[in-house]
*Asks:* 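First, the structure itself, so that you have it in front of you.
Worth saying up front: this structure is predicted, and the values here are computed from it rather than measured.
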Amino acid sequence: MTEGRVQLRHRWLYMAIALLLALPAFGFGAAPAAAQGESRTFPETGKTVRGQFLQYWFNNGGLAQQGFPISDEMQERSDTDGKTYTVQYFERAVFEMHPELTTANKVLLQLLGVFLYSQKYPSGAPGQQPNASPGSISYPQTGKRLGGTFLRYWQTHGGLAQQGFPISDEFMEVSYLDGKTYRVQYFERAVFEYHPENAGTAYEVLLSQVGKFRFDQKYAAGGTQQPPAQQPPPQQPPQQPPAQPPAQQTACGNLPANIDAASDKAQVRAGETIRFAAGGFAEGEPISFWFTLPTGDVVGTARPITHADVEDTDVDVVPNHEGILGPLTFRTTSEFAAFPGVWAITFQGAYTGHTAVAYFCVTR
């Protein structure tokens, strides 16, 4: 593997940080114009995603966050404002096109978590327990707390833009997919499930397939499907794992554990370089990556990177035969110093959906 320094065309990272300062919290950097006409058909479901929906899918977590497409594009009346939009359903989300927006990103996610929660629990879910672990955060917008493993996942997987604010505290719920009971928390756009059998892996927290449930409910079997009846939670909930401190409050000397990734240093100052490697991918699969700032904001690639994006063609930008990517070397800029604290870089495979995360601390 090469030791050369990756230099993305047009100094991508510099631009991404600058865009972050100018765009609303829910926005990512603008995707390349050449991607506008691209499309991809997923053989798993036979559905095609194209244009800005495909850009959003790649730019916001891909398979792990959105799931496979389960519908074609369609016109649908919004339950939020009563207007009609172009939408497309995915297993874990519904993409909604908003051409009236002046931002580069005109795709918004429907508030599936809000719809599902109000439908299942009109009086509020029973047995809720606020997570008051060290470093947990209370959101005055909804009056709910977010902490521990769920907070860490929220911060490293799109934060407010992808998940929305928490609208419930943690509680036990029976999954309509496998009938098992999981600790969950509802957000405006998603539902987090804690899977203790995956503890220590990238799949410790999984997203409920709220898009599939909503699609089945509205369009399958004549739209007559109703939410499953909820069984009472067990008397003795499973013991929660030790809470991970949230990224922005973690000391530089006590970073969260990396997930299938590594960096050559734990701390970096503006102007210094830092090298990353990641594993667990399929040989040759395209890789997307994004940075999560201490603020919870995210900047990243609009599509998987290839050799066409890199000036030094000797640099390995796709996994080798062992599924290892890198090393990739980035030189931090002065913009990094404006966001001191714990950062994360997340790599995701376009085919496997596998994610690898490395943490590092930026100091002034």
*Asks:* Quick one: does Phe95's side chain get under 4.5 Å of Thr86's, heavy atoms only?
*Replies:*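 SC-SC contact between Phe95 and Thr86 ruled out.
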*Asks:* Determine whether the side chains of Glu173 and Tyr186 contain a donor N or O and an acceptor N or O closer than 3.5 Å.
*Replies:*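 Result is yes, a qualifying pair exists.
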*Asks:* Indicate, with yes or no, if the rings of Phe90 and Phe42 have centres closer together than 6.0 Å.
*Replies:*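 Between Phe42 and Phe90, which both carry aromatic rings, the centre distance is not below 6.0 Å.
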*Asks:* Within the 4.5 Å heavy-atom criterion, are His98 and Tyr85 side-chain neighbours or not?
*Replies:*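 Heavy-atom side-chain distance check passes, below 4.5 Å.
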*Asks:* Should we say atom NZ of Lys265 is surrounded by more than 12 heavy atoms from elsewhere, each under 6.0 Å from it?
*Replies:*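 Correct, the count exceeds 12.
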*Asks:* Could you tell me whether the side chain of Ser78 and the main chain of Thr80 form a donor-acceptor pair under 3.5 Å?
*Replies:*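 Side chain of Ser78 to backbone of Thr80: a pair is present.
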*Asks:* Around atom NZ of Lys212, are there more than 12 heavy atoms of other residues, nucleotides or ligands at under 6.0 Å?
*Replies:*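 No.
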*Asks:* Of the non-hydrogen atoms in Lys106 and Pro99, which two are nearest, and what is the gap between them?
*Replies:*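 That closest heavy-atom pairing would be NZ-O, 3.8 Å.
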*Asks:* Could you tell me if Tyr56 and Gln88 have a donor-acceptor pair between their side chains, going purely by distance under 3.5 Å?
*Replies:*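 On atom types as modelled, these side chains do not qualify, holding no pair under 3.5 Å.
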*Asks:* What are the two closest heavy atoms between Ser39 and Arg50, and how far apart are they?
*Replies:*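 The answer is CB-CB, 3.6 Å.
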*Asks:* Within this structure, what is the CG-CG distance for the pair Leu325 and Asp260, rounded to the nearest 0.5 Å?
*Replies:*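 Interatomic distance, Leu325 CG to Asp260 CG, rounded to 0.5 Å: 12.0 Å.
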*Asks:* Under the side-chain hydrogen bond (donor to acceptor under 3.5 Å, both in side chains) test, which residues partner Gln66, sequence neighbours left out?
*Replies:*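 So Gln66 forms a side-chain hydrogen bond (donor to acceptor under 3.5 Å, both in side chains) with Gln162.
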*Asks:* Report the distance from atom CZ of Arg77 to atom CG of Asp79, rounding to the nearest 0.5 Å.
*Replies:*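 Interatomic distance, Arg77 CZ to Asp79 CG, rounded to 0.5 Å: 7.5 Å.
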*Asks:* What's the shortest heavy-atom distance between Ala356 and Ala278, and which atoms?
*Replies:*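 Closest heavy-atom pair between Ala356 and Ala278: CB-CB, 3.8 Å.
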*Asks:* Closest heavy-atom contact between Ser208 and Arg92?
*Replies:*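 Heavy-atom minimum between the residues: O-CG, 3.8 Å.
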*Asks:* For the atom pair CG (Asp264) and CZ (Phe276), what is the distance rounded to the nearest 0.5 Å?
*Replies:*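 That separation rounds to 8.0 Å.
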*Asks:* Got a second to check how far Thr45's OG1 is from Asp72's CG, nearest 0.5 Å?
*Replies:*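 The OG1 atom of Thr45 sits 9.0 Å away from the CG atom of Asp72.
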*Asks:* Any idea how Tyr219 and Phe215 line up, ring-wise: parallel (<30°), tilted (30 to 60°), or perpendicular (>60°)?
*Replies:*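 Tyr219 vs Phe215 ring planes: tilted.
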*Asks:* Using side-chain heavy atoms (C-beta onward) and a distance below 4.5 Å, is Leu101 in contact with Leu108?
*Replies:*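 Side-chain contact under 4.5 Å: yes.
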*Asks:* Side chains of Leu151 and Ser136, heavy atoms from C-beta outward: is any pair under 4.5 Å?
*Replies:*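 Not in contact.
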*Asks:* Where the side chain of Trp154 meets the backbone of Gly164, is there a donor-acceptor pair that is under 3.5 Å apart?
*Replies:*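 Here the side-chain-to-backbone pair exists.
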*Asks:* Can you tell if the side chain of Trp343 reaches within under 4.5 Å of the side chain of Val268, non-hydrogen atoms only?
*Replies:*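 Trp343 does not reach Val268 side chain to side chain.
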*Asks:* Using 0.5 Å steps for rounding, measure from the OG1 atom of Thr355 to the NE2 atom of His157.
*Replies:*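 Those atoms lie 5.0 Å apart.
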*Asks:* For a quick test of reading the model, state the closest non-hydrogen atom pair linking Pro256 to Val342 and the distance between them.
*Replies:*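 Heavy atoms only, the tightest pair is CD-CG1, 4.4 Å.
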*Asks:* Any non-hydrogen side-chain atom of Phe171 less than 4.5 Å from a side-chain atom of Val184?
*Replies:*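 The answer is yes, as the side chains (C-beta and beyond) meet within the 4.5 Å cut-off.
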*Asks:* Just how far is it from atom CD of Glu44 to atom CD1 of Ile70, taken to the nearest 0.5 Å?
*Replies:*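 Reported value, rounded in 0.5 Å steps: 13.5 Å.
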*Asks:* How about Gln129 and Asp169: do any of their side-chain heavy atoms sit closer than 4.5 Å?
*Replies:*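 Side-chain contact under 4.5 Å: no.
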*Asks:* Would the number of heavy atoms belonging to other residues, nucleotides or ligands and lying under 6.0 Å from CZ of Arg40 be above 12?
*Replies:*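 Atom CZ in Arg40 is packed in, count exceeds 12.
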*Asks:* Any idea which heavy atoms bring Asn131 and Ser133 closest together, and the distance?
*Replies:*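 The answer is OD1-OG, 2.6 Å.
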*Asks:* Looking only at atom types and distance, does a side-chain atom of Ser175 sit under 3.5 Å from a main-chain N or O of Lys180, one as donor and one as acceptor?
*Replies:*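 No; zero donor-acceptor contacts below 3.5 Å.
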*Asks:* Which of these, Glu170, His195, Glu193, sits in a side-chain hydrogen bond (donor to acceptor under 3.5 Å, both in side chains) with Arg183?
*Replies:*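 Among Glu170, His195, Glu193, the one that satisfies the side-chain hydrogen bond (donor to acceptor under 3.5 Å, both in side chains) with Arg183 is Glu170.
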*Asks:* Start with the C-alpha distance between Phe360 and Phe291, add both sets of side-chain angles, then the distance that settles side-chain contact (heavy atoms from CB on, under 4.5 Å), and finish with yes or no.
*Replies:* CA-CA 11 Å; Phe360 61 101; Phe291 288 94; 3.9 Å; yes
*Asks:* Ignoring hydrogens and geometry, is there a side-chain-to-backbone donor-acceptor pair from Glu91 to Phe68 under 3.5 Å?
*Replies:*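 Checking the backbone N and O of Phe68 against the side chain of Glu91, a donor-acceptor pair under 3.5 Å is found.
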*Asks:* Testing Arg214, Gln110, Lys47, Glu76 one by one against Tyr89 for a side-chain hydrogen bond (donor to acceptor under 3.5 Å, both in side chains), which residue passes?
*Replies:*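 For Tyr89, the side-chain hydrogen bond (donor to acceptor under 3.5 Å, both in side chains) check succeeds only for Glu76.
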*Asks:* Does any non-hydrogen side-chain atom of Asn198 lie less than 4.5 Å from one of Leu206?
*Replies:*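 With C-beta onward as the side chain, the pair touches.
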